[in-house]
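Working notes, structure below.
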Amino acid sequence: MSGPLAQYLVLAALLFAIGLAGALSRRNAIVVLIGIELMLNAANLNLIAFWRYGPNPEALEGVIFVIFSIGIAAAEAAVGLGLIITVYRHFKSTSVEEFGELKG
Amino acid sequence: MQSAFYILALLTIAGALGAMNFKRLVHCVLSLVVCFAGLAGLYLNLNAQFAGLVQLLVYVGAVAILVVFAMLLTRNAEDAPQNAGSTDWYLGLGVASMVFLILAFAVQGSELGAAETGKLSDPSVKAIGKSLMTTYVLPLEAMALLLTSALIGAVVIAKGPEEGGKP
Amino acid sequence: MLENIFVVAKQSVMGFLSGFLPEASLPFISSFLSIAPILGIFPLLFALTTIFERKGLGRIQNRRGPNRVGIPMTDIRIAGFGQFIADGIKSLTKEDIVPSSADKLIHFLAPVALIIPVLLMFSVLPFGKNLVPLDMKNGLLFFFAVGAASELSIFMAGWSSRNKYSLLGAMRAIAQMISYEMPFILSSLVVVMAAGSLSLVDIAEAQTGGIWNWHVFTPWGLLGMILFFIAAMAEANRSPFDLPEGESELVAGYFTEYSGFKFAIFFMAEYLGLFAALSVWITLFFGGWNGPFGQYSLLPSYLWFMLKLVLCIFFIIWIRGTMPRIRMDQLMNFAWKFMLPMCLINLLGAGSGYYIRQTFPQSPLAGWFFEWLVVGTALFWIWLELGDRIAGKALTQKREYRYADQ
């Protein structure tokens with residue numbers, strides 16, 4: 001496949017890979033969360049690209065999915081950052097390696 | 001359209017790379033904002049005006065600010081040592097590049113025929129609102145419930161155990 | 001004739017230029033011709049506002065205000081109206097001091113990142129009948145989305161300065177702007193419901209035909225107008241919500257460590273953001289560019305718009321001279337316990353007002369009357385009830401003073 005759709009899909013894949021690399025390799029929990037946000041955004045870009053170049057011109061699914069996904073990402077960020085702040089209170093650190101005690 | 005795509009794609013990728021690689025957390029967040037703004041531009045370029053503006057409003061206006069607040073509330077984490085060269089780093093890089101290569105080959109090799117020009121008409125907000133209130137009313141309500149519980153949950157989690165103290 | 005003078009002028013300039021310029025450059029020239037007047041008029045309005053504000057505040061506080069600077073080398077003083085030129089020259093020639101521990105790049109980028117969103121806000125405002133730089137279908141959403149981006153540049157300014165006052169001021173500003181963002185958006189939604197469009201051009205056109213068509217003359221419009229104005233003042237960090245730069249506690253807030261022209265840019269961005277918010281306020285509730293007399297326009301549409309804007313500017317100067325600054329906890333309580341519920345109730349009021357009017361299709365006057373009777377009374381009662389909750393006993397009983405030794 002080539003053309004504009006493929007360009008957008010490859011861009012989204014690259015964005016997803018960057019987010020994944022960051023989430024896997026960085027130690028700071030906030031940066032890990034940023035990586036997860038990047039991966040979500042890559043998925044959103046995919047949805048919009050498929051909607052735009054998709055076969056059904058009247059369907060609104062792509063845009064609506066993205067709106068829901070943005071809402072979920074906002075909720076996820078709020079709860080995730082709240083968790084990070086709570087954990088920081090206990091460990092005085094936001095490094096994910098210190099959280100090993102949570103394994104129980 | 002094509003040159004706009006390349007400029008915005010470059011901006012987005014540069015922002016994402018910066019967000020993952022800068023040493024200082026503040027630089028990461030600001031770089032992330034560049035990435036979000038580039039994505040909003042890409043949505044506008046794809047004729048999805050409403051989604052692009054919502055992306056700008058929610059991500060740049062709210063999520064980035066949330067991250068900033070979390071960063072300032074966890075102060076001494078600011079200068080976390082970068083772990084380039086460690087095992088984790090190589091592992092992350094390897095897995096991510098594998099994922100990218102698989103996805104890119106899948107995209108290139110796919111048989112899916114895509115419309116070359118695509119649709120140029122932008123869906124009106126009216127149409128989006130109507131379908132949110134009819135076809136997608138159940139997800140919308142679930143979304144409202146999720147956001148409310150996330151709001152309450154975030155307050156309860158972040159407020160901590162101390163009694164009666166103002167956060 | 002006078003109505004379309006700017007449109008005709010632009011068309012004739014474009015026609016003249018298209019004779020010898022390459023085809024590809026014409027869209028850029030067209031955009032430039034739309035942008036240039038905004039970049040000329042609104043900074044000039046800002047400069048004039050500073051001098052009017054200083055003189056007006058002087059009058060309110062029983063002093064004269066600046067009255068010295070006139071034309072150099074002569075004795076002509078033009079009542080001090082040369083002051084803004086002198087101020088401009090002063091800030092241009094002052095030394096630009098960057099703190100040695102500052103994050104230099106972000107410190108430099110913050111004023112740039114603030115002025116760009118503020119100027120972008122002007123691109124969707126209808127200044128006259130055919131005078132809108134960019135007729136966007138989602139113009140109002142664009143205005144809010146771009147406005148939300150300015151919060152981050154305030155954080156950049158406060159954080160990069162490495163100064164506790166800067167950081168405190170920035171945190172206050174962001175907390176305030178986030179809290180008032182929701183009333184800001186929600187209070188404008190009643191007009192979107194009424195006009196059925198997010199485009200500011202459509203919203204202005206929905207109010208043509210005389211002063212009684214303006215949204216402010218409906219119960220939900222009146223309430224939305226008040227709520228939008230309060231939220232806009234808080235968004236622009238304007239008195240009485242100017243805690244982020246409370247000079248008695250925080251020196252100058254987030255731009256403490258800025259000097260010279262960067263400081264002037266912050267100052268200008270604040271006022272330009274305020275003008276944009278006031279322009280949206282006018283467009284949403286006061287008919288935008290429509291004159292009050294129906295088809296007898298008397299003045300061209302853009303002059304009506306500017307007249308309304310100037311009146312609004314005098315109104316906010318008056319407020320600044322009158323109202324004391326409120327406290328941080330009062331600010332937050334007011335946003336979350338009064339503004340937000342009131343905005344949500346107002347949405348309900350707008351919906352029920354619509355249905356009340358629908359029940360009287362043959363006589364709009366009766367519909368208008370019953371709308372005021374039912375919705376207006378309900379909203380007024382809720383306003384008083386909620387206001388009592390938030391103000392506590394301060395409104396009805398004698399104020400109790402508590403001192404530290406008790």
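Remember, it's a predicted structure, so these values are computed and weren't measured experimentally. Residue numbers start from 1 in every chain, and the chains themselves are labelled A, B, ... in the order their sequence lines are given, proteins ahead of strands.
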For this session: Considering only heavy atoms and a distance below 4.5 Å, find which of A:G19, A:G80, A:A78 pairs most often with chain B.
Result: A:A78

For this session: Could you look at A:I34 and say if it's the side chain, the backbone, both or neither that has a heavy atom under 4.5 Å from chain B?
Result: both

Exercise. Picking from A:L81, A:N41, A:I70, A:V79, which has the most non-hydrogen pairs under 4.5 angstrom with chain B?
Worked result: A:N41

Exercise. Considering only heavy atoms, which portion of B:V67 lies under 4.5 Å from any heavy atom of chain A: side chain, backbone, both, or neither?
Worked result: both

Exercise. Under 4.5 Å between any side-chain heavy atoms of A:Y8 and B:V107, yes or no?
Worked result: no

For this session: Kindly indicate whether the side chain of B:L91, heavy atoms from C-beta on, has any atom under 4.5 Å from the side chain of A:L24.
Result: no

Exercise. Using non-hydrogen atoms only, which part of B:F69 is less than 4.5 Å away from chain A: side chain, backbone, both, or neither?
Worked result: neither

Problem set entry | B:L17 portion near chain A, given a 4.5 angstrom heavy-atom threshold | both

For this session: Please report the closest heavy-atom contact between B:V63 and A:A74, naming both atoms and the distance.
Result: CG2-CA, 4.2 Å

Problem set entry | Residue part contacting chain B, namely of A:L33, when any heavy atom lies under 4.5 Å | neither

Exercise. Closest approach of B:N47 and A:W51, non-hydrogen atoms and distance?
Worked result: O-CH2, 3.8 Å

Exercise. Do A:F16 and B:V99 touch side chain to side chain, with heavy atoms closer than 4.5 Å?
Worked result: yes

For this session: Drop me the distance from B:T135's OG1 to A:L60's CG, to the nearest 0.5 angstrom.
Result: 8.5 Å

For this session: Quick one: pull up CG in B:L25 and CG in A:N28 and give me the separation to the nearest 0.5 Å.
Result: 5.0 Å

For this session: Look up atom SG in B:C28 and atom CD1 in A:I30, then write down how far apart they are to the nearest 0.5 Å.
Result: 10.0 Å

Under 3.5 Å donor-acceptor pairs involving side-chain atoms of residues 140-155 of chain B, not counting sequence neighbours:
residue	atom	partner	partner atom	Å
B:T148	OG1	B:A144	O	2.6
B:S149	OG	B:L145	O	2.9
B:S149	OG	B:L146	O	2.9

Seminar exercise, completed: So, the part of A:L14 with a heavy atom under 4.5 Å from chain B: the answer is both

Problem set entry | Inter-residue atom distance B:M20.CE - A:L20.CG, 0.5 Å rounding | 10.5 Å

Problem set entry | Heavy-atom contact with chain B under 4.5 Å, split by part of A:F68 | both

Exercise. Looking at A:V10 and B:Q108, what are the two nearest heavy atoms and their distance?
Worked result: CG2-NE2, 3.9 Å

For this session: With a 4.5 angstrom heavy-atom cut-off, could you sort out which part of A:L45 is near chain B: side chain, backbone, both or neither?
Result: both

Exercise. So do the side chains of B:Y43 and A:N44 get within less than 4.5 Å of each other, counting heavy atoms only?
Worked result: yes

For this session: Test side chain to side chain contact (heavy atoms under 4.5 Å, CB included) on B:Q55 and A:V66 and set out the steps.
Result: CA-CA 9 Å; B:Q55 160 95 5; A:V66 167; 5.7 Å; no

Problem set entry | A:L38 portion near chain B, given a 4.5 angstrom heavy-atom threshold | side chain

Problem set entry | Contacting region of B:A62 [heavy-atom separation from chain A under 4.5 Å] | neither

For this session: Considering only heavy atoms and a distance below 4.5 Å, find which of B:I102, B:I128, B:V29, B:L93 pairs most often with chain A.
Result: B:I128

Exercise. Heavy atoms, side chains only, cut-off 4.5 Å: are A:L11 and B:L42 in contact?
Worked result: yes

Exercise. Under 4.5 Å between any side-chain heavy atoms of B:F100 and A:I18, yes or no?
Worked result: no

Seminar exercise, completed: One option among A:I48, A:V63, A:I85, A:I67 has the most heavy-atom pairs under 4.5 Å with chain B, and it is A:I48

Exercise. When rounded to the nearest 0.5 angstrom, what is the spacing between CZ in B:F36 and CD in A:E37?
Worked result: 5.5 Å

